[in-house]
Amino acid sequence: MEKHLLRYIWNHTRPQQLWVLAIVLISMIPYFLAFDLPKQIINGPIQGEGFEMAAATRPFLAFQFTIPLTQWSFGFEGFELNRLATLMALSGVFLLLVIVNGLFKFYINTYKGRLGERLLRRIRYELVDRLLRFPPSTMRQIRGAEVSSMVKDEVEPFGGFTGDAFVQPAMLGGQAIAALTFILLQNLWLGLIAAFMVAIQVGIIPKMRRRLIDLGRQRQITARHLAGKVGEIVEGMDTIHSYDTSNYERADISDRLGQIFQIRYDLYRWKFIVKFVNNFLSQLTPFLFYSIGGYFALRGTLDVGQLVAVINAYKDLPGPLKELIDWDQARQDVQVKYEQVREQFEPGVLIAPTLHALAHDVPDHTPSPLAALNLTIVDGSGAHIAENVTLKIEPGELVAMIDNAGIGAEATAEAFGRITWPASGRVMLGEVDLLELPEAVTGRQVSYASADSYFFHGTLKDNLLYGLKHAPAVQENSADEPKHKKLRRRWKMSEAERAGNTTHDPSVDWIDRRSTSVSEGGEDDVKQSVLRALDAVQLTADVMELALHSYLDPAEHEELTGRVVEMRFALREELASQGLGNLVSYFDFSAYNTEATVRENLLFAATRQSAELDMELAEGEYVFEVLKTANLFDLFYDMGLSIAENLSEIFQGLPPEHPLFQQLEHITTDDIAFYEQLLKRKRSRRDFKPSEDDRRAVVKLSLYYIEPRYRFGVLTAEIMNQIVATRDIFYANLPASLRSRIERYDPHKYMGSATLRENILFGKLSQRNADAPTKIRNVAGKLLREMGLYESFIGIGLDYDMGASGRRLTLVQRHKLSLARALVRRSNYYIFNKPLPGLDRRAQEEIVKNVLHFLAQQDNNPSVAWVLSNTALSRLFHRVIVFDKGSVAEDDSFEALDTKSGIFKSLVA
């Protein structure tokens with residue numbers, strides 16, 4: 001990158017800078033003319049100079065011009081105007097010059113703004129581009145929050161300064177020189193005074209502002225470190241809470257904020273000192289003009305019109321002068337920031353741009369051995385974690401790599417995946433160094449997966465197909481595309497090109513269907529690759545579970561939701577035909593659902609779960625009003641007292657951590673303690689009258705009662721019938737705030753407020769049958785495939801938003817997903833670096849077998865190098881390589897090593 005920001009700006013915006021400088025030069029003409037007009041208006045039509053006679057006239061717009069070195073001349077005699085007409089005409093010209101000068105400023109500022117934003121876009125893109133070319137060792141040393149803060153915030157002033165870099169000094173300098181020249185032409189002494197004061201301001205103020213620049217640099221560095229620390233807190237939140245260090249982090253943040261406060265306070269204090277001195281010098285000059293200029297006016301050597309014109313011209317001098325000084329400070333400030341950014345983005349080595357060149361076609365590559373030659377890898381401290389490793393993996397070979405002591409196998413796997421660069425030695429792909437090959441080759445021929453694999457914010461599908469997004473598909477321009485969209489796309493591409501950005505559109509299709517693991521030549525290759533990869537890593541059930549917990553909008557998925565309603569009835573019929581109809585208590589508006597709570601039976605609707613809505617439907621004023629209207633409030637109060645007595649008897653004397661408490665829903669240990677106290681007061685006082693809040697608390701207990709679960713016998717058939725009859729009353733005067741968030745059960749309608757699982761089941765599982773979920777899952781799974789809905793449901797699960805870094809998934813799910821992402825694409829080499837550390841041995845063995853079987857079905861005979869965390873699984877591979885303290889200790893087939901007395905034998909035993 002360029003060392004100086006001004007040179008960087010000039011190199012990338014030279015034609016535009018020259019154009020706007022030319023416009024600035026032209027704008028100086030009307031700007032200068034505007035200075036002389038006040039003098040002409042005051043001395044001429046106002047004071048009457050040239051209009052001594054009552055009917056006197058003067059020519060307006062008259063001029064005469066003689067071409068230098070020639071006798072040829074031309075001119076215009078002008079218009080003869082009287083005193084009033086001349087006043088109006090000159091005032092009109094003044095107004096016209098004001099408009100013209102304003103239009104010039106509007107054009108120049110708009111042009112500067114576009115120029116600045118374009119360069120800001122360029123430099124941000126260049127920084128991210130350089131970040132993508134950082135070697136792995138450099139990436140491990142930087143803090144993501146600091147770098148992102150630099151790209152987002154610290155380069156922001158560069159955009160504002162770009163437009164002003166050359167135009168601002170030219171325009172402001174031109175305005176200041178024009179004003180100063182005009183003053184000199186009116187009176188030499190006043191002009192010299194103005195020039196002297198200008199020289200003092202230009203000489204003193206910039207020197208005083210150097211302190212501001214130093215403070216600004218310190219503020220920028222401390223703010224960047226603060227951003228990095230906040231990023232660390234966000235990333236390490238679990239660790240902070242686990243080790244009770246939140247108060248230490250608060251103290252650290254407080255200390256950092258204190259440093260920033262001190263710097264900013266010093267900055268403000270010095271800033272206003274500079275401002276005071278600058279304002280004093282600016283106001284000193286008018287004092288000299290009034291006193292000395294007034295003296296000349298009294299002596300008759302300076303007329304009043306000239307004095308007014310001089311004062312008026314000086315009013316326009318401090319503004320440009322102050323802005324010129326501000327520009328110089330901004331120049332120094334952004335130069336310091338630019339140097340800081342440049343230092344951060346100037347590592348010793350950068351990956352060559354040619355290695356990142358985009359390739360639409362899959363580069364030709366003949367399957368060759370993947371080899372390590374005298375490979376030595378060091379960690380951040382300089383310790384050798386792999387030393388003099390030499391090994392070769394042949395095409396189609398399955399290799400298990402095992403660490404005895406150290407992490408030599410893991411480090412070698414990282415070198416094969418280009419995650420780590422060797423300190424010495426080389427990784428060869430055939431006859432070529434892996435680091436010299438373009439990523440279009442290595443990024444497609446080698447697939448790497450580990451437990452540390454990163455996931456981007458997006459859906460499961462986005463992350464699964466991420467490894468297929470090599471280049472945008474070449475698309476023909478559609479003749480049906482609206483004209484405004486074509487123009488918009490062309491404008492975006494043109495601006496991207498002018499800003500030095502790539503012109504590739506991320507919204508088009510980037511999926512390379514030729515690189516899928518399933519390559520049968522059909523349109524479903526991508527889908528089949530995903531489905532089979534999910535099956536191989538045993539992630540399909542998790543994706544289906546995510547789908548069943550999803551909410552679908554019937555308007556967006558009209559056809560699918562209609563099929564779900566069909567499946568609802570098909571499932572009911574299938575369960576009935578197998579004699580399993582008693583596993584589900586279906587929703588029926590005319591009947592009480594014994595497996596649901598009293599509140600759910602009263603509500604008889606689907607609701608999106610939220611704490612606010614749940615509270616409003618359980619304890620809201622409207623619910624109690626309905627119960628009183630239906631004569632259920634007192635009944636529920638008596639019922640609640642019976643429930644409270646039973647609970648008090650069951651949980652009396654039990655500690656809060658007792659497992660029985662886990663069987664309760666919506667009832668806490670504090671609630672039980674409250675009911676016990678209430679019952680004691682009721683027994684001890686004959687005249688006991690509970691408050692309205694106490695009565696509502698007891699009624700609330702009734703609302704969460706389920707007879708098959710608690711079996712207290714308080715819910716009679718008569719009460720159930722009353723609750724069913726109250727449903728119409730509940731909905732009769734339902735407030736609009738609740739009506740919009742409640743969706744009544746309708747067996748023939750898909751409910752957008754219920755999950756996919758709830759829509760299929762349309763009822764409650766029986767509490768009496770512990771195997772009900774498993775039995776229904778088996779029947780529903782078979783029915784899904786028969787009705788052709790299986791892949792649609794998997795698609796819904798794949799649309800699940802994983803959150804930042806995939807944190808909405810469990811750790812085991814993330815490990816499986818990392819492995820599946822590698823399997824979705826077809827490569828010649830698969831490097832798996834302990835990808836499944838969190839799984840038990842049985843699950844690991846099943847997945848390893850599945851993956852090896854999956855890869856064996858590919859038509860390209862890929863090689864696999866798998867760093868195992870379960871040594872016993874090495875029997876599934878052609879060859880086993882054992883590392884000890886960073887070096888290869890044993891290398892042979894499983895059968896051969898199993899018969900020898902060595903390190904491997906001791907590991908397997």
Side-chain angles (χ1 to χ4, degrees), residues 1-27 103-133 147-148 150-171 327 330-331 334-335 337-338 341-342 345-346 350-354 356-360 471-478 481-508 510:
M1 296 178 68
E2 286 284 353
K3 292 183 178 181
H4 300 284
L5 180 60
L6 279 176
R7 189 179 301 161
Y8 181 89
I9 294 172
W10 181 253
N11 289 342
H12 293 293
T13 62
R14 185 184 299 110
Q16 293 83 4
Q17 296 285 0
L18 291 173
W19 166 256
V20 74
L21 284 172
I23 299 298
V24 168
L25 184 62
I26 296 172
S27 71
L103 289 175
F104 268 114
K105 287 183 179 179
F106 172 77
Y107 179 81
I108 292 169
N109 288 330
T110 304
Y111 195 90
K112 288 193 307 179
R114 183 171 63 175
L115 198 62
E117 289 302 315
R118 190 178 288 161
L119 188 117
L120 179 61
R121 176 178 176 175
R122 174 188 291 275
I123 196 167
R124 278 176 170 160
Y125 178 83
E126 184 175 341
L127 293 180
V128 176
D129 174 72
R130 296 177 74 84
L131 195 64
L132 291 169
R133 293 164 52 203
V147 172
S148 60
M150 295 176 76
V151 174
K152 175 182 175 291
D153 298 323
E154 294 191 27
V155 300
E156 185 77 26
F158 300 168
F161 181 74
T162 296
D164 296 336
F166 301 98
V167 175
Q168 195 77 344
M171 185 166 65
W327 172 88
R331 178 189 64 80
V334 295
Q335 176 61 35
K337 291 178 179 178
Y338 178 77
V341 171
R342 179 177 167 274
F345 287 85
E346 282 281 357
L350 276 176
I351 298 173
T354 53
H356 284 183
L358 186 141
H360 285 279
V474 179
Q475 296 181 334
E476 297 290 336
N477 291 329
S478 174
E481 186 179 14
K483 186 176 180 180
H484 70 277
K485 288 189 176 180
K486 289 183 181 179
L487 294 175
R488 177 71 178 173
R489 188 178 67 252
R490 289 174 186 170
W491 178 83
K492 285 177 63 179
M493 292 179 64
S494 174
E495 279 298 316
E497 188 174 3
R498 290 179 181 180
N501 290 193
T502 180
T503 57
H504 300 301
D505 187 355
S507 64
V508 302
W510 280 68

Exercise for review: Flag the pair R124 and E156 as a salt bridge only when some basic side-chain nitrogen lies within less than 4.0 angstrom of an acidic carboxylate oxygen.
Suggested key: yes
**Study point:** Heavy-atom donor-acceptor pair, T110 side chain to F106 backbone, under 3.5 Å
**Key:** yes
Study note, to complete from the structure: Residues R130 and F345: closest non-hydrogen pair is NE-O, 2.9 Å
Practice item. Side-chain contact test, heavy atoms from C-beta onward, threshold under 4.5 Å: evaluate it for T503 versus K492 and give yes or no. Key: no
Point to revise | Spacing of F161 atom CZ and I9 atom CD1 [to the nearest 0.5 Å] | key: 5.5 Å
Exercise for review: Supply the atom-to-atom distance L350 CG to H356 NE2, rounded to the nearest 0.5 angstrom.
Suggested key: 10.0 Å
Practice item. Grab the two heavy atoms, one from A471 and one from A359, that are nearest each other, plus how far apart they are. Key: CB-O, 3.6 Å
Study note, to complete from the structure: One should read off an interatomic distance between Q335 CD and K3 NZ, to the nearest 0.5 angstrom, of 11.5 Å
Practice item. For E497, look at atom CD and say whether over 12 heavy atoms of other residues, nucleotides or ligands are found less than 6.0 Å away. Key: no
Point to revise | Closest approach of W510 to D505 (non-hydrogen atoms, all atoms of both residues) | key: NE1-O, 2.9 Å
Point to revise | Ring geometry between Y8 and Y338 (parallel below 30°, tilted from 30 to 60°, perpendicular above 60°) | key: tilted
Practice item. Indicate the atoms forming the closest heavy-atom contact of V334 with F158, along with that distance. Key: O-CE2, 3.5 Å
**Study point:** Nearest-0.5 Å distance that lies between atom CD in E117 and atom OG1 in T162
**Key:** 9.0 Å
Practice item. Spell out, as yes or no, whether a donor-acceptor pair under 3.5 Å connects the side chain of N11 to the backbone of R7. Key: yes
Check your understanding: Mind checking whether L358 and P472 have side chains closer than 4.5 Å, heavy atoms only?
Key -> yes
Check your understanding: Going through the checks in order, is the side-chain contact (heavy atoms from CB on, under 4.5 Å) test met by F104 and I26?
Key -> CA-CA 9 Å; F104 268 114; I26 296 172; 3.9 Å; yes
Point to revise | Smallest separation among heavy atoms of A499 and R118, with atom names | key: CB-O, 3.6 Å
Practice item. Pick out which of L21, V24, L103 makes a side-chain contact (heavy atoms from CB on, under 4.5 Å) with I108. Key: V24
**Study point:** Gap between atom CG of L18 and atom OG1 of T13 - 0.5 Å precision
**Key:** 9.0 Å
Review point. Between the side chains of N501 and R121, is a donor N or O closer than 3.5 angstrom to an acceptor N or O?
Key: yes
**Study point:** Evaluation steps, side-chain contact (heavy atoms from CB on, under 4.5 Å), between R490 and S494
**Key:** CA-CA 6 Å; R490 289 174 186 170; S494 174; over 6 Å; no
Exercise for review: Output the distance between atom CZ (F166) and atom CD (Q16), rounded to the nearest 0.5 Å.
Suggested key: 12.0 Å
Practice item. Answer yes or no: is there a side-chain heavy-atom contact under 4.5 Å between R488 and W491? Key: yes
